[in-house]
Structures are given as C-alpha cells and as structure tokens.
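Just below is one structure, and these are the notes that go with it.
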Amino acid sequence: MSEKKVIETIDLKMTYKAGKVAVHALRGVDLVVEQGEFVAIMGPSGCGKSTLLHILGCMLKPSSGKVVIDGEDVSNMSEQERTEVRRRKIGFVFQKFNLFPTLTAEGNIRLAERIRKNGRLPDSGGVSMSEILKLLNLEGRLHHKPAEMSGGEQQRVAIARALVNHPAIVLADEPTGNLDSEHSQIVLNMFKQLNEKFGQTILMITHSEEAASVASRILRMRDGRILQ
Ligand code: ADP
C-alpha cells in the first residue's frame with residue numbers, strides 16, 4: 001500500500017465571527033489521510049465536521065494552520081487558486097444529491113466532465129467512465145431526469161459525477177442522510193467497492209455507526225478537535 005499523503009492538516013483552526021461572538025469551530029486539528037484510505041468522521045452536531053470538510057474541499061479558508069491536499073499547500077491560496085485545486089483534485093457527494101433537475105443522469109455526469117475538459121486537465125487515469133457506470137449499476141438509467149429516479153439512484157448519479165475528475169479524494173457529507181436503509185446499504189457498498197477495487201480515497205461524514213462501519217478508519221470529533 002502506498003504511503004502517499006492525500007490530506008495533511010497541522011494545527012488547523014477555524015473561528016467564525018457571529019456578530020461580536022467568536023465561534024471556535026476547529027480548535028487545532030492534526031489529520032493525515034493516506035492514499036487508498038476510507039475514513040469516516042463522526043461526532044455530535046456542531047462539533048466541526050462540516051467546517052473541516054469544507055476546508056479540506058477548498059471551499060473555506062482556515063483561520064490558521066496548514067492544509068496540504070495531494071501535495072499542494074492550499075492554506076494561503078487565493079479563492080481562485082483554491083477553486084482550481086478543488087476542480088482538479090476533489091469529488092463531492094452531498095446529502096441532497098445536488099443534481100441539475102432539467103438534465104438527465106448522463107447530462108449531469110457529462111456536465112462535470114466538460115468542466116474538467118474546459119479546465120484542460122490531463123486525464124490522470126483511474127476509474128474509467130464505463131467502469132464507473134457498471135459499478136454503480138446506472139447503465140439503464142442514463143436518460144432519466146432526477147425526478148424520475150429514486151433517491152438511491154440519484155445518489156449513484158452524484159457519485160458517478162464526483163468520480164469523472166478522477167479526484168485524489170472523494171469528500172462525502174452524510175451521503176446516506178436522505179436514503180432509506182436499503183438504498184443506504186447499496187450506496188455504502190458502492191463506496192466500499194470504489195475504495196477496495198479501485199483504491200479511491202474517501203472521507204465521509206456520517207451520523208450512522210452502520211455507515212461508518214464500512215470505512216477502514218473512524219475518526220471521532222468533539223468540540224472542534226479529533227479525539228485520540
Ligand atoms: P457539524 O458539521 O459537526 O454539525 P459545523 O462545522 O457545521 O459542525 O459547525 C461547527 C460550529 O461552527 C457550530 O457551533 C456552528 O454553529 C458554527 N458555524 C458553522 N458555520 C458557521 C458560520 N458560517 N458562521 C458562524 N458560525 C458557524
């Protein structure tokens with residue numbers, strides 16, 4: 001197994017200003033995720049999970065500390081530079097799927113692919129689109145719009161969309177939060193296969209112990225820190 005670090009944070013802190021009050025969402029997070037890991041992050045509401053995910057996803061700049069994503073120090077990058085790193089290296093899967101309602105499944109996936117090509121990114125290999133569609137069992141649903149699909153199918157489209165960039169890491173924010181237990185199981189199984197068969201690095205926030213149990217490592221957060 002490769003020892004390459006896909007994520008490294010050092011003494012990461014995030015303080016939000018809410019009027020005159022400072023909210024310490026992250027109070028010093030040291031985290032290393034190596035290539036090929038499947039990490040689940042758990043913890044009570046408000047402990048800083050989403051803040052951490054948004055910083056790792058280059059959507060939010062930390063107040064202090066260091067963040068290295070796939071070898072690039074993004075801690076002090078401009079918003080434009082962070083957007084570029086996000087586009088090249090990160091695939092997102094959200095609780096609410098976030099698909100374009102007027103596009104078919106294929107249209108949603110191709111749109112993400114076009115964004116990649118417009119960015120003139122080299123094809124870094126990884127999982128091919130046909131392999132992705134086969135694994136996600138989506139081949140028969142490509143011409144359907146989101147409203148014509150079940151939640152589980154929509155989430156599988158969202159996962160396919162996240163993978164077209166061959167991202168260094170997939171960040172998933174409660175990916176089974178809107179699914180019943182049967183579809184949750186299917187989606188979790190797919191994450192597990194992506195990780196085991198293709199070595200996809202995944203970091204997933206979840207409230208469910210069952211969901212977390214498919215990961216290779218579980219991190220627990222409390223009050224802005226990762227518990228040791
Ligand atoms: P979790 O994902 O674990 O529920 P969050 O990262 O969303 O935790 O929030 C951590 C803390 O930061 C909470 O106290 C939350 O209210 C606060 N917080 C999150 N986003 C903002 C914001 N934009 N402005 C002010 N406070 C925020």
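Position 1 is the first residue of the sequence, and the numbers go up from there. Whatever order the structure lists them in is the order used to number ligands and atoms, beginning at 1.
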Look up atom 20 (N) of ligand 1 and tell me if a protein heavy atom lies less than 4.0 Å from it?
yes
What are the atoms of ligand 1, with element, lying closer than 4.0 Å to any heavy atom of K49?
1 (P), 2 (O), 3 (O), 4 (O), 6 (O), 8 (O)
Below 3.5 Å, N or O to N or O, backbone or side chain included: is there any such pair between G48 and ligand 1?
yes
So is S45 touching ligand 1 or not, going by heavy atoms under 4.0 Å?
yes
Can an N or O of A25 be found at a distance shorter than 3.5 Å from an N or O of ligand 1?
no
Distance from atom 10 (C) of ligand 1 to nearest protein heavy atom, with residue and atom
G46 O, 3.4 Å
D180 atom CG, over 12 foreign heavy atoms within 6.0 Å:
yes
Taking 4.0 Å as the limit for heavy-atom contacts, which would you say applies to T51 with ligand 1: side chain only, backbone only, both, or neither?
both
OG1-NE2 distance between T176 and H183, expressed to the nearest 0.5 angstrom:
12.5 Å
Nearest 0.5 Å, what's the CG-CG distance between L56 and L31?
6.5 Å
Atom indices of ligand 1, in the order listed, that fall short of 4.0 Å to a heavy atom of V23
12 (O), 14 (O), 17 (C)
Could you grab the distance from atom NZ of K13 to atom CZ of R27, nearest 0.5 Å is fine?
10.0 Å
Atom 7 (O) of ligand 1 [closest protein heavy-atom partner, distance rounded to 0.1 Å]
S50 CB, 3.8 Å
Does some side-chain heavy atom of V6 sit less than 4.5 Å from a side-chain heavy atom of Q35?
yes
With a 4.0 Å cut-off, strictly under, does atom 15 (C) of ligand 1 pick up any protein heavy atom?
no
Would you check whether P44 reaches within less than 4.0 Å of ligand 1, judged by its heavy atoms?
yes
Pair K145 + E148, salt bridge at N-O below 4.0 Å
no
Atom 27 (C) of ligand 1 has as its nearest protein heavy atom Y16 CD1, 3.3 Å
Just how far is it from atom CG of L219 to atom CD1 of I205, taken to the nearest 0.5 Å?
11.0 Å
Salt bridge or not between D70 and K4? Use side-chain N to carboxylate O under 4.0 Å.
yes
